[in-house]
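See below for the structure under consideration.
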Amino acid sequence: MTRASSAVLALLVVPAVASAQTARFSAEDMLKVTSAAVLALSDDGRRAAVFESTRADSPTVDHTRYGDPTYLSPSLGRLVVIDLETGARTLPFGEALVDLREAAWSPDGSRLAIVRFTPAAPQVSDAFSLHVWDAATGRVHDVPQTGGMAIASSTSLAWAADGRSVLVALRDPARDAEAVLRFKAVTEGPIIVHSSADPFLEWDELGRSSRWRSVGQVNVTTGQVTVRVPERRLTGYQVSRDGSFVVYQEDVTEKTTYETIRGTDNRLLVWKQGEAEPRELVAAKDMAGLRPRWSDDGRTFAYARQGQVYVRGIDDAEARNLTPRPKATPAEAAATTADERDDADRPESFAAGSFNRAGTELLVTSRQGWYIVSLTDGVRRRIRTLDPDDDRAPQVSALDWAPDGSAIYATWSARDRWERGIVRIDAATGQETPLVRDTRLWRGVALTRDGRRFVGSMSDGDRPSELFVADASFRDVRQITSLNPWMADRQLPRSELVTYRDADGEELHGVLRYPVDYVPGRAYPTVFEIYETFFDNGFNARAALLANHGYAVFHPSVRLEVGRPGESWLKGVTAAANKLIDMGVADPDRLGVHGTSYGGYATVLLLTQTTRFKAAINISGKVNMVSFYTDSPRLGVRNIHAPENSQDRIGGTLWEYPERYLEHSAIMRADRITTPLLNITGDLDPNVPASQSREIYYALRRLGKTVEWVRYVNGAHRPPNSADEVIDFEQRILEWYDKYLKERP
């Protein structure tokens with residue numbers, strides 16, 4: 001830990017459990033916890049626009065309209081402008097709850113442009129409005145909407161260089177009217193026809209309809225609109241820093257693809273102000289897998305293809321290879337051994353990083369190291385050396401360049417302990433200087449454009465995060481929010497990183513949260529919440545609730561293998577249970593397990609392989625990979641892609657690996673389940689249909705097992721859909737564990 005960071009530690013971190021704390025953290029408290037997100041930082045580093053919200057602020061969602069391109073789920077909170085020098089707080093809309101979608105500071109940092117959503121409006125064309133808050137007057141000015149076009153739901157927001165106008169995505173209201181009719185047709189009928197002769201799945205095509213947009217420049221005083229890009233099917237766009245051109249990706253997909261969720265064929269174009277037509281930079285056939293990284297001025301982009309990094313300016317005829325692979329001379333080739341030739345056949349594979357502010361140098365990374373490449377002469381110098389076989393090496397991720405190009409700032413995290421922070425890497429020498437390194441959890445850290453300040457969130461790992469501001473050296477670190485003062489008298493659990501080995505001897509990590517009244521040497525009922533991999537701690541409301549009722553809570557990691565995910569959970573979760581039992585924390589006769597979505601799937605699958613758990617909860621998890629495979633009524637190809645190519649890790653189609661689909665369907669081995677199982681679903685879940693829980697409910701009931709199924713009729717993938725339902729949901733989880741894991745008279 002640096003001297004500077006230790007000096008401010010006591011000021012920023014509230015002790016996890018103070019002697020005066022007596023109040024229990026409750027389900028009602030879960031609704032009151034305030035979180036904050038930084039929406040925008042002014043270029044001069046003076047102000048931050050912050051969105052503060054609680055779960056109690058969230059209104060109900062109309063899940064019947066999932067997939068309707070004209071509907072957005074509401075998200076309410078308070079807009080706060082924080083002066084980063086004085087800490088002063090200003091609420092442009094007062095205490096009113098507003099739904100903000102975008103915010104951007106003017107170039108001089110004196111005004112904040114805001115896109116606001118009004119969910120009560122019947123159509124998107126009426127729902128979005130543009131406002132400008134003026135720091136000098138403290139007032140919000142409503143920008144009139146002219147020209148008959150509406151702000152699109154998927155807009156971004158950028159100021160023009162002159163500070164008089166902003167660029168937004170616009171949408172013809174007629175498009176929304178058409179989308180409403182199409183949505184009703186595929187949900188209400190009266191007759192619905194699907195045919196393989198159609199190039200797109202109906203829901204795939206309907207989802208793409210929201211991409212019909214134009215890019216307009218709106219005068220923030222008069223509302224006058226100048227169209228910069230006429231209506232196209234835009235996947236995304238960005239405006240150059242000087243505002244002279246727009247670069248955009250145009251969707252030219254011809255049919256539904258099953259290889260990528262919402263797979264899209266794009267072409268990349270640039271449209272300069274004053275020119276009659278755009279110019280194509282990259283054709284659709286060459287865009288597959290391309291992730292352009294743009295220079296600060298927007299005139300140059302870099303990308304990686306087949307392990308090599310290319311760079312191109314918008315006025316260049318073609319791209320240049322910055323990492324060409326050296327060719328061996330005949331003499332060198334003759335002198336190498338077979339093993340050396342094999343190594344040569346596996347050349348270093350590079351990825352494109354970020355440009356320095358001047359756009360003259362590019363960060364390039366590989367498993368062997370970090371490099372800075374000069375765009376002028378292509379000279380590459382190494383600033384970090386990595387060992388690709390060192391699994392314990394710290395994880396370092398670039399944040400931003402210093403404005404003068406002298407250094408790169410990066411996050412730093414140890415892999416085997418909670419030691420985290422920010423480092424400065426000298427761009428000339430590669431010298432790495434820790435700015436802050438301690439056990440605190442740093443997230444969302446960003447450098448202001450002027451390079452004077454860092455802004456982000458920080459937590460001691462057990463309590464909710466607060467926003468902080470620090471100078472570039474991290475010698476002056478100040479907390480600028482006090483989001484949850486009421487939690488000072490709430491008991492919260494202490495967390496610990498636990499290292500253990502799975503059944504194959506592989507080292508894994510998990511996060512343990514102790515009961516709030518933990519007494520060493522006493523074994524406690526222990527709940528395992530499972531998903532995939534866990535490492536960092538951080539405030540967890542459900543864990544806090546359970547820990548306040550006498551439970552230890554553990555989030556274990558598993559090493560998932562394609563084709564064998566079920567076996568992976570058995571090896572990883574049971575090994576974690578053994579570790580906690582050996583530590584004297586977990587009572588082996590009072591173990592519970594639950595998970596949500598993929599974690600719910602894992603939970604039920606785990607119950608078919610072990611009888612160690614005495615209570616289990618499946619929240620929105622699938623149980624039948626065969627019926628789930630194509631049960632995706634409003635998601636297009638999502639439920640086919642998941643087992644074939646992504647999270648479910650089956651590794652192929654149902655027809656290639658039918659045995660894997662059966663092996664990973666808990667319904668097929670329901671007769672082996674002895675653990676009481678609670679299933680919780682939302683009737684309107686478009687991701688994992690509630691019928692999946694209905695299958696396991698009927699199966700276990702038929703087999704005479706202990707099972708319960710709770711349905712939130714208006715809920716979706718996260719079942720509760722109101723504040724009252726959230727309390728009911730969390731209380732049911734607690735009561736299920738109390739019933740089967742707590743000692744009874």
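Only heavy atoms go into these numbers, but all of them, side chains included; no hydrogens, no water, no symmetry mates. Sequence positions, counted from 1, serve as the residue numbers for this chain. Please read all numbers here as calculations on a predicted model, not as lab measurements.
- Salt-bridge annotation for E529 and R542: present, with a side-chain N of the basic residue lying under 4.0 Å from a carboxylate O of the acidic one.
- Panel note: side chain T481, backbone L467; a donor-acceptor pair is recorded below 3.5 Å.
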Test log, rule salt bridge (Lys or Arg N to Asp or Glu O under 4.0 Å), inputs R392 and D390:
CA-CA 5 Å; R392 292 181 176 272; D390 186 359; over 6 Å; no
When you look at H555 and I530, which way does the side-chain contact (heavy atoms from CB on, under 4.5 Å) test go after all the steps?
CA-CA 6 Å; H555 289 88; I530 61 177; over 6 Å; no
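- Two residues are said to be in side-chain contact when any heavy atoms from C-beta on lie closer than 4.5 Å; F468 and W442 meet this criterion.
- A salt bridge links E432 with R384: at least one charged nitrogen is closer than 4.0 Å to a carboxylate oxygen.
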Pair Y409-F454, ring-ring contact (aromatic ring centres under 6.0 Å, His included): steps then yes or no:
CA-CA 10 Å; Y409 295 103; F454 286 99; 5.0 Å; yes
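- The shortest side-chain heavy-atom distance between L512 and L580 falls under the 4.5 Å cut-off.
- The nearest pair of heavy atoms linking Y737 to G592 is CE2-CA, 3.9 Å.
- Residues V585 and Y514 are in side-chain contact: their nearest non-hydrogen atoms beyond the backbone lie under 4.5 Å apart.
- Aromatic ring pairs are classed by plane angle as parallel below 30°, tilted from 30° to 60° and perpendicular above 60°; the pair Y598 and Y531 is perpendicular.
- The pair R24-D29 does not count as a salt bridge, with every side-chain nitrogen at least 4.0 angstrom from each carboxylate oxygen.
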Should W655 and Y629 be marked as a ring-ring contact (aromatic ring centres under 6.0 Å, His included) after you check the CA-CA gap, both sets of side-chain angles, and the distance that decides it?
CA-CA 11 Å; W655 304 280; Y629 186 55; 5.6 Å; yes
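- A donor-acceptor pair under 3.5 Å is absent between the side-chain atoms of D504 and the main chain of E506, judged by distance alone.
- For the pair K614 and Y740, the cation-pi test (distance below 6.0 Å, angle within 45°) is failed.
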Take V396 and T411 through the test side-chain contact (heavy atoms from CB on, under 4.5 Å) and record every step on the way to the result.
CA-CA 6 Å; V396 182; T411 59; over 6 Å; no
Derivation of the side chain to side chain donor-acceptor pair (under 3.5 Å) call for N618 and Y697:
CA-CA 11 Å; N618 165 30; Y697 169 74; over 6 Å; no
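- We find the CZ-CZ distance between R417 and F535 to be 8.5 Å, quoted to the nearest 0.5 Å.
- Looking at V593 and I617, their side chains never come closer than 4.5 Å, going by heavy atoms from C-beta outward.
- Proximity of a side-chain donor or acceptor of T34 to a complementary backbone N or O of S53 within less than 3.5 Å is not detected.
- Within the 4.5 Å cutoff, the side chain of I425 has heavy atoms near those of the I383 side chain.
- Looking only at distances, no side-chain donor or acceptor of T608 sits under 3.5 Å from a matching main-chain atom of A666.
- A 6.0 Å sphere centred on CD of E659 holds more than 12 heavy atoms belonging to other residues, nucleotides or ligands.
- A distance of 10.5 Å separates CD1 in I619 from NE2 in H717, rounded to the nearest 0.5 Å.
- The backbone N or O of H509 sits less than 3.5 Å from a side-chain atom of S557, completing a donor-acceptor pair.
- Remark: aromatic rings of Y518 and Y524 are close, center separation under 6.0 Å.
- Look at R649 and E532 and you find a salt bridge, because one of the NZ, NE, NH1 or NH2 atoms lies within 4.0 Å of a carboxylate O, short of that distance.
- Between L677 and L607 there is a side-chain heavy-atom pair separated by less than 4.5 Å.
- Looking at D536 and V511, their side chains never come closer than 4.5 Å, going by heavy atoms from C-beta outward.
- Counting only heavy atoms from C-beta outward, the side chains of R367 and L386 never approach each other to under 4.5 Å.
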Please assess D648 against K622 for the test salt bridge (Lys or Arg N to Asp or Glu O under 4.0 Å), listing each intermediate value before the final yes or no.
CA-CA 11 Å; D648 291 343; K622 52 189 169 287; 3.1 Å; yes
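- Nearest heavy atoms, G621 versus Q692: O-CB, 4.1 Å.
- Judged by distance alone, the side chain of T675 and the main-chain N or O of F613 form a donor-acceptor pair under 3.5 Å.
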Stepwise side-chain contact (heavy atoms from CB on, under 4.5 Å) test for D631 and V688:
CA-CA 8 Å; D631 194 0; V688 178; over 6 Å; no
Mind running salt bridge (Lys or Arg N to Asp or Glu O under 4.0 Å) on R559 and D502 for me, showing each step along the way?
CA-CA 8 Å; R559 188 173 56 89; D502 67 13; 3.8 Å; yes
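- Contact between N639 and N687 at its shortest, heavy atoms only, is ND2-O, 3.1 Å.
- Using modelled atom types, no side-chain atom of S665 and backbone atom of I667 make a donor-acceptor pair closer than 3.5 Å.
- Nearest heavy-atom pair across S349 and S366 is O-CB, 3.1 Å.
- Geometrically, R382 does not engage W370 in a cation-pi contact, judged by NZ or CZ lying under 6.0 Å from the ring centre and within 45° of the ring axis.
- Looking at R564, E567, R669 one by one, the single match for side chain to side chain contact (heavy atoms under 4.5 Å, CB included) with E663 turns out to be R669.
- A distance of 9.5 Å separates CG of D460 from CG of L441, quoted to the nearest 0.5 Å.
- Annotation: R612, atom CZ; neighbour count of heavy atoms from other residues, nucleotides and ligands within 6.0 Å is above 12.
- Note: F539 and F25 have perpendicular aromatic rings, judged against thresholds of 30 and 60 degrees for the angle between ring planes.
- Side-chain atoms of R437 do not come within 3.5 Å of backbone N or O of R420 as any donor-acceptor pair.
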Assess whether side-chain contact (heavy atoms from CB on, under 4.5 Å) is satisfied between V33 and T54, documenting all intermediate values.
CA-CA 6 Å; V33 178; T54 71; over 6 Å; no
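- Within the 3.5 Å criterion, the main-chain N or O of A304 finds no donor-acceptor partner in the side chain of Q308.
- Remark: E259 CD to E644 CD distance equals 7.0 Å, nearest 0.5 Å.
- Geometric assessment of R732 against the ring of W736 yields a negative cation-pi assignment under the 6.0 Å and 45° thresholds.
- No side-chain donor from either of T603 and H594 sits under 3.5 Å from a side-chain acceptor of the other.
- Proximity of a side-chain donor or acceptor of E507 to a complementary backbone N or O of T499 within less than 3.5 Å is not detected.
- L734 contributes atom CG, which lies 4.5 Å from atom CG of D738 (distance to the nearest 0.5 angstrom).
- The heavy-atom pair separating S693 from T681 by the smallest distance is OG-CG2, 3.1 Å.
- One finds the CD atom of E695 at 4.0 Å from the OG atom of S627 (value rounded to the nearest 0.5 Å).
- Of all heavy-atom pairs between L508 and G572, the closest is CD1-CA, 4.4 Å.
- Using cut-offs of 30° and 60° for the angle between ring planes, the F729 and Y712 rings count as perpendicular.
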